[in-house]
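Counting from 1, the numbers follow the sequence of the chain as shown.
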Amino acid sequence: DKLRSETANVKKDLEETQSELERRRAELKELGDFLPPLTRKPQDLRTILNMIEGLGIRITKTDFPPPENPGGGGKYVTVNFTLELQGQYRAFKQLLAKIQQTDMIIRISSFELKDTGRDNQSFEWRVIIKFETYFES
């Protein structure tokens with residue numbers, strides 16, 4: 001009788017745990033994918049380039065190396081790219097604010113100011129920015 005009682009309690013705990021697990025799976029599914037699929041890479045990169053150009057910043061040079069192999073056991077791909085840009089100080093401030101507000105995960109790994117434009121009176125900054133973003137593999 002004691003073993004039957006303990007078995008019944010374990011079964012009850014198991015059913016409660018499975019029910020909680022199913023509830024959490026459904027909740028997680030409602031949240032959607034954490035990272036976009038790798039097939040969306042061209043579209044998302046175009047979105048970033050359009051955001052830059054929409055602020056009046058000129059893209060003077062690009063470097064898009066191939067994405068890294070999936071790593072970390074998380075089945076994600078890191079996409080790094082570097083842009084050399086030229087534009088007004090205010091436009092760069094707006095760009096940094098817009099990047100923070102986007103729903104994409106965009107990391108700026110380097111922001112290098114090459115020229116402030118003071119010498120030639122254009123007052124246009126020349127900046128090299130290294131971006132990093134992620135996709136599900």
Residue pair Gly87 / Phe92: nearest heavy atoms and the distance that separates them: O-CE1, 3.4 Å
Whether Thr60 side chain and Glu84 backbone form a donor-acceptor pair below 3.5 Å: yes
Given Leu95, Thr82, Ile52, the one that forms side-chain contact (heavy atoms from CB on, under 4.5 Å) with Ile129: Leu95
Straight-line distance of Tyr134 OH to Asp44 CG, nearest 0.5 Å: 14.5 Å
Interatomic spacing from CD in Glu53 to CZ in Arg46 - rounded to 0.5 Å: 6.0 Å
Spatial distance of atom CD1 (Ile57) from atom CD (Glu124) [nearest 0.5 Å]: 10.0 Å
Side chain to side chain contact (heavy atoms under 4.5 Å, CB included) assessment of Leu96 paired with Ile108: CA-CA 9 Å; Leu96 295 175; Ile108 295 177; 3.4 Å; yes
Test log, rule salt bridge (charged side-chain N to carboxylate O under 4.0 Å, His left out), inputs Lys11 and Glu15: CA-CA 6 Å; Lys11 285 183 179 179; Glu15 287 173 4; over 6 Å; no
Single-linkage hydrophobic cluster, 4.5 Å side-chain cutoff, Ile128 and Ile59 together: no
Pairwise side-chain contact, Phe64 with Leu83, heavy-atom cut-off 4.5 Å (strictly under): yes
Linked, directly or transitively: Trp125 and Ile99 (ILVMFWY side chains, under 4.5 Å): yes
Closest non-hydrogen atom pair, Phe81 against Pro65: CA-CD, 4.2 Å
Side chain to side chain contact (heavy atoms under 4.5 Å, CB included) assessment of Thr102 paired with Ile48: CA-CA 10 Å; Thr102 184; Ile48 294 168; over 6 Å; no
Side chain Thr17, main chain Asp13, donor-acceptor under 3.5 Å: yes
Salt bridge (charged side-chain N to carboxylate O under 4.0 Å, His left out) assessment of Glu20 paired with Arg23: CA-CA 5 Å; Glu20 177 70 12; Arg23 185 185 68 74; 2.6 Å; yes
Arg4 CZ: over 12 foreign heavy atoms closer than 6.0 Å: no
Gap between atom NZ of Lys114 and atom OG1 of Thr116 - 0.5 Å precision: 13.0 Å
Tyr89 OH: over 12 foreign heavy atoms closer than 6.0 Å: no
Joint cluster assignment, Leu49 & Met51, ILVMFWY side-chain distance < 4.5 Å: yes
From Leu45 atom CG to Ile106 atom CD1, the distance as rounded to the nearest 0.5 Å: 9.0 Å
Minimal non-hydrogen separation, Ala91 against Leu55, with atom names: CB-O, 3.5 Å
Side-chain heavy-atom pair Leu35, Val77 within 4.5 angstrom cut-off: no
Ile105 vs Phe135, side chain to side chain contact (heavy atoms under 4.5 Å, CB included): CA-CA, chis, key distance, verdict: CA-CA 9 Å; Ile105 297 175; Phe135 296 91; over 6 Å; no
Spatial distance of atom NZ (Lys41) from atom CG (Leu38) [nearest 0.5 Å]: 6.5 Å
SB check Arg25 Glu22 (cutoff 4.0 Å): yes
N/O donor-acceptor pair under 3.5 Å between Thr7 side chain and Leu3 backbone: yes
Lys130/Asn80 under side chain to side chain contact (heavy atoms under 4.5 Å, CB included): CA gap, chis, key distance, verdict: CA-CA 7 Å; Lys130 292 182 181 179; Asn80 296 296; over 6 Å; no
Over 12 foreign heavy atoms within 6.0 Å of CZ, Arg58: yes
